[in-house]
Amino acid sequence: MADMVRVETVEQAKQNQEYVQALADLLFQLADDDFILAYRGSEWLGLAPHIEEDVAFSSMSQDMMGHAVMFYEMLEALGLGKADDIAQLREAKDFRNAILVERKNGAGDYNDNPHYDWAYAIVRSYVYGLHKQVRLEALLQSSYVPLAQVSRKMLTEHRYHLMHWQVWLNQLANSTPDARHKLEAAISLVWEDAGELSDLGPNAEQIVRYGLIAGEELLRQKWLNETKEIFKKAGLNWPGEPGAASERGRAGEHTVDLEQAVATLSEVYRIDPAASW
Amino acid sequence: MQTQMERSDLTENEKMEAFLARIDRGEKIEADDWMPDDYRNQLIKLISMHGISEIMGALPEKEWVPKAPTLRRKLAIMAKVQDEMGHGQLLLRVAEDLMAPLGKTREDLMDDLFTGKLKFHNVFHMEAPTWADAGVIGWLVDGAAIITQTMSLDSSYAPYARALHRICAEEKFHAQHGESIVLDLAEGTEGQRQMLQESITRWWPSLLMFFGPPENGNVTSNQAANMRYKIRTQTNEELRQAFLTKYVPRIFHLGFTLPDDTIHFDEANQKWVYQQPDWEAFKQIVKGNGPRSAHRLNLRETSYEESKWVRDAIMSFGRQAG
């Protein structure tokens, strides 16, 4: 706890290389989680179950992409390269997102025979969103003041997203047997990966020691408690302890799904990263 | 006026005369007002086609949304395509109100789309193989749309005019968004300029077709009816001329060429002379035989069918809650 300080500016942060390293490690997780899930959301464009939802879902993906941009810009400010380069020129193995957000939306390609799973979209967005809420709230106390400030801003937008997903979860859980069945199947799928969300990566100890965010176990318990409450309200069975994939995204281990996502999202930029686009 | 028109002792002819008198006085018609079937049908045809074109029009750009080259462009194009879906939603609601007395719903419109009865704009049947196409669609296709929609801002049907006011305001941002993509390419590397030139060349015939065939003095009965009802005020050719006046000089100014050596402004007649696109091809395209028609319809139909369980669930939930 002796290391808990208030770091007001980038310059101040840069005086301690270890602090910068821990901060950057955390920022990559935050940025990559939002960036990749927003990318998955953008693949849904034009394919949502009805037009009104298409508009709403797209709006939330934009918010999330906007959050990723803010985190990438903080990395840029720390001297880690241009935000665009960080987002688009890294290889999949350099990403620090959790495996949950990189999973494909369903079978097929977004532009070629997509057979996307709306129940999975809802459950993944909501479970991730609940975790993000806990994480952003914890970041309000971050020793890195600029991070606490952007988190406050994000929380305002994020609350609306959670309300949206709650309506969907509740509707599907209490409608037709088919919808209920699909929802439960989606919960099982999401549950196979969700446990990794609170993982702070190989450098977790330093991240917590420098007071950048609360510890993993705290985040995890708070998130699980809230999720349990939500499931109960919707009349859904509690699926138990969430698992984690065999790959550890926070350590740069990823599935082929992320490789494809990164190739697609950077396809145009990589034609000529030095050009103005 | 209203009460007089709704009097049952008026003959259909008298109602029609009173209606046309309202149109002539520049009055606006609301959804619940009496209107001749012909007027209603013209509006349903026009507005449902416009609405579905916005929705199908999201698909070519959607191809580039996940691939947009910078973070700023990623955010901008997501917002842009979302707006297009929003326009579609707004217009379908206007069409739904008009269809309600006929017992028709949005489901019927979707069915008509899949069976080919409801057509969408020729431009959205075309291929968009490069990032430059995302720019050209925003700049020139939306630019063309602004010209046709501006004509209807003063439409006699008030709900359509209101929707168009909002749509046109947003379309102007879209055209700027497209122009901004185009300018980065135009001022960029040789490779970027080439990508843009190929896109302009590719889209040119479709842009000419966008306004529909020229009248050559023979205004169709549909057009005449729409003009009589003050649903539209200009002919296809007048709109195309306005488009050429606005954009041809800009394209040349940026140093790009058009696939038409003959195009020029005829000072004597004060109009553009240009090579006609293949109007037989146009007919085939809007019939659903364009290069990407089947692909895009399939995309929309698959997602619509596969999400039937979701719509069923919402209905079921609504019944329980209601």
Side-chain angles (χ1 to χ4, degrees), chain A residues 35 38-43 45-55 57-59 61-62 65-66 68-69 72-73 83-84 87-88 108 110-119 170-172 174-176 178-180 182-183 261 264-277, chain B residues 51 55-56 58-59 61-75 77-79 81-86 88-89 92 106 130-131 134 181 183-185 187-189 191-192 195 295-296 298-300 302-304 306-321:
Chain A
F35 186 53
Y39 165 82
R40 289 293 177 215
S42 79
E43 288 187 311
L45 199 53
L47 304 171
H50 54 73
I51 298 161
E52 283 76 1
E53 179 57 30
D54 222 311
V55 175
F57 192 14
S58 169
S59 166
S61 298
Q62 282 165 62
M65 182 76 78
V69 172
Y72 285 134
E73 284 173 346
D84 274 318
Q88 301 194 75
Y110 78 94
N111 195 34
D112 198 9
N113 286 312
H115 298 284
Y116 282 2
D117 180 348
W118 184 242
N170 195 37
Q171 279 190 345
L172 293 194
N174 300 290
S175 55
T176 62
D178 185 31
R180 171 90 183 195
K182 287 189 161 74
L183 189 64
T264 304
L265 66 87
S266 63
E267 182 187 303
V268 180
Y269 190 66
R270 280 176 197 254
I271 294 173
D272 189 349
S276 176
W277 291 98
Chain B
I55 288 162
M56 294 305 291
L59 297 182
E61 281 176 291
K62 171 211 151 70
E63 294 170 12
W64 290 100
V65 167
K67 298 181 178 179
T70 66
L71 293 167
R72 193 166 54 98
R73 293 271 183 239
K74 283 180 191 296
L75 286 170
I77 196 166
M78 280 165 94
V81 181
Q82 181 202 335
D83 279 352
E84 305 291 5
M85 296 297 292
Q89 179 193 344
L92 289 189
R106 192 185 290 186
T130 72
W131 170 246
I181 294 175
L183 287 178
D184 263 343
L185 297 177
E187 292 161 5
T189 64
Q192 286 176 308
M195 187 194 273
H295 177 88
R296 299 217 175 99
N298 180 38
L299 209 59
R300 180 129 288 287
T302 305
S303 80
Y304 188 73
E306 290 186 0
S307 58
K308 185 178 181 300
W309 69 271
V310 183
R311 292 190 299 279
D312 289 346
I314 297 170
M315 294 272 282
S316 159
F317 182 81
R319 274 196 300 272
Q320 291 170 40

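Letters go in sequence order (proteins before strands), and every chain restarts at 1. Here the structure is a predicted model, which is why all the values come from computation and not from measurement.
- Separating the CE atom in B:M315 from the CD atom in A:Q171 is a distance of 12.5 Å, to the nearest 0.5 Å.
- Not one N or O on the side chain of B:E187 forms a donor-acceptor pair closer than 3.5 Å with the backbone of A:S276.
- Per-residue heavy-atom pair counts under 4.5 Å with chain A were compared for B:I181, B:T70, B:T189, and the maximum is reached by B:T70.
- By the 4.5 Å heavy-atom criterion applied to side chains, B:K74 and A:V69 are not counted as neighbours.
- With a threshold of 4.5 angstrom between heavy atoms, B:A313 approaches chain A through its backbone and through its side chain.
- For the pair B:E61 and A:L45, the minimum side-chain heavy-atom distance is 4.5 Å or more.
- Counting only heavy atoms from C-beta outward, the side chains of B:Q192 and A:W277 approach each other to under 4.5 Å.
- Your options are B:V81, B:L299, B:T302, and the one with the most heavy-atom pairs under 4.5 Å with chain A is B:L299.
- Here the closest heavy-atom approach between residue A:Y116 and residue B:E306 is recorded as N-OE1, 4.1 Å.
- In terms of heavy-atom pairs under 4.5 angstrom with chain A, the leader among B:L183, B:I77, B:L71, B:D312 is B:L71.
- Neither the backbone nor the side chain of A:A261 comes within contact range of chain B; no heavy atoms are under 4.5 Å apart.
- Between A:I51 and B:L92, the closest side-chain pair of non-hydrogen atoms falls below 4.5 Å.
- Annotation for A:S42 and B:M78: closest pair CB-CE, 3.9 Å, computed over non-hydrogen atoms.
- Within the 4.5 angstrom heavy-atom criterion, only side-chain atoms of A:E267, from C-beta onward, approach chain B.
- For B:N298, the part lying under 4.5 angstrom from a heavy atom of chain A is the side chain only.
- Residue contact with chain B, scored on non-hydrogen atoms closer than 4.5 Å, involves the side chain of A:A87 exclusively.
- With a 4.5 Å cut-off on side-chain heavy atoms, A:V268 and B:R73 do not count as touching.
- Judged by distance alone, the side chain of B:K62 and the main-chain N or O of A:E43 form a donor-acceptor pair under 3.5 Å.
- For the pair A:Y39/B:P66, a side-chain contact is recorded, criterion being any heavy-atom separation below 4.5 Å from C-beta on.
- Between chain B and the options A:M65, A:E53, A:H50, A:Q62, the largest number of non-hydrogen pairs under 4.5 Å is found for A:Q62.
- A:K182 places no side-chain N or O within 3.5 Å of a backbone atom of B:V310 that could act as its donor or acceptor partner.
- The backbone N or O of A:G46 sits less than 3.5 Å from a side-chain atom of B:R300, completing a donor-acceptor pair.
- At distances below 3.5 Å, at least one donor-acceptor pair connects side-chain atoms of A:Q88 with backbone N or O atoms of B:P69.
- Residue A:L47 comes nearest to B:S303 through the heavy atom pair O-CB, 3.6 Å, listed as atom of the first residue, atom of the second, then distance.
- Atom CD1 of B:I314 sits about 7.5 Å away from atom CG of A:L172, to the nearest 0.5 Å.
- For A:Y72, the ring-ring contact (aromatic ring centres under 6.0 Å, His included) partners two or more places apart in sequence, or in a different chain, are A:F35.
- Remark: side-chain polar atoms of A:Y110 are paired, donor with acceptor, to backbone N or O of B:E63 under 3.5 angstrom.
- Here the straight-line distance linking atom OG1 of A:T176 with atom CD of B:Q320 works out to 9.0 Å at 0.5 Å rounding.
- In terms of heavy atoms, A:S58 sits closest to B:Q82 at OG-CB, 3.3 Å.
- Two residues are said to be in side-chain contact when any heavy atoms from C-beta on lie closer than 4.5 Å; A:V55 and B:Q89 meet this criterion.
- Between B:L75 and A:G66, the shortest heavy-atom contact is CD2-N, 3.7 Å.
- For chain B, the option among A:R270, A:H115, A:R180 with the highest count of heavy-atom pairs below 4.5 Å is A:H115.
- For B:R296, no part lies under 4.5 angstrom from a heavy atom of chain A.
- For A:N174, the parts sitting under 4.5 Å from any heavy atom of chain B are the backbone and the side chain alike.
- Proximity of a side-chain donor or acceptor of B:H295 to a complementary backbone N or O of A:N111 within less than 3.5 Å is detected.
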